[in-house]
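Worth saying up front: this structure is predicted, and the values here are computed from it rather than measured.
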Amino acid sequence: MATLSEELAIPNYYDLSSTFASMGSHDGLLIIVQQDRFWFPTKVSKSARGPLTVRVEPLAGKFPVNLSSNISIVS
């Protein structure tokens, strides 16, 4: 969350906790969760893992932003 906020100026949208955050605006949200967090309300399925590339409209920031070995944000 800190990288998204600092590198791309993506603001927190509403909820923010140690396991969940929504970032962006009403035009588009990124839902950020702690690894292996169970999804509400069923608490049966864990958050998915896998390669992820998010393409965003050009923002004032440095691209690409690599959040981990398999998660990146490009413009």
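To the nearest 0.5 Å, the span separating CG on L4 from CD1 on I73 amounts to 4.5 Å. Remark: N12 CG to L30 CG distance equals 11.0 Å, nearest 0.5 Å. If you take CD on E7 and CG on N66, they are separated by 10.5 Å, rounding to the nearest 0.5 Å. Rounding to the nearest 0.5 Å gives a distance of 15.0 Å between OH of Y13 and CD1 of I32.
Heavy-atom minimum distance, P11 versus A9: CD-O, 3.4 Å. The two residues M23 and M1 come nearest to each other via the heavy atoms CE-O, 3.6 Å. In plain terms, the two heavy atoms of S22 and I31 that are nearest each other are CB-CD1, 3.8 Å.
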Go through it in stages, so that I can follow the logic: the residues are L67 and L52, the test is side chain to side chain contact (heavy atoms under 4.5 Å, CB included), and I'd like the CA-CA distance, side-chain angles, deciding distance and then a yes or no.
CA-CA 10 Å; L67 301 174; L52 173 67; over 6 Å; no
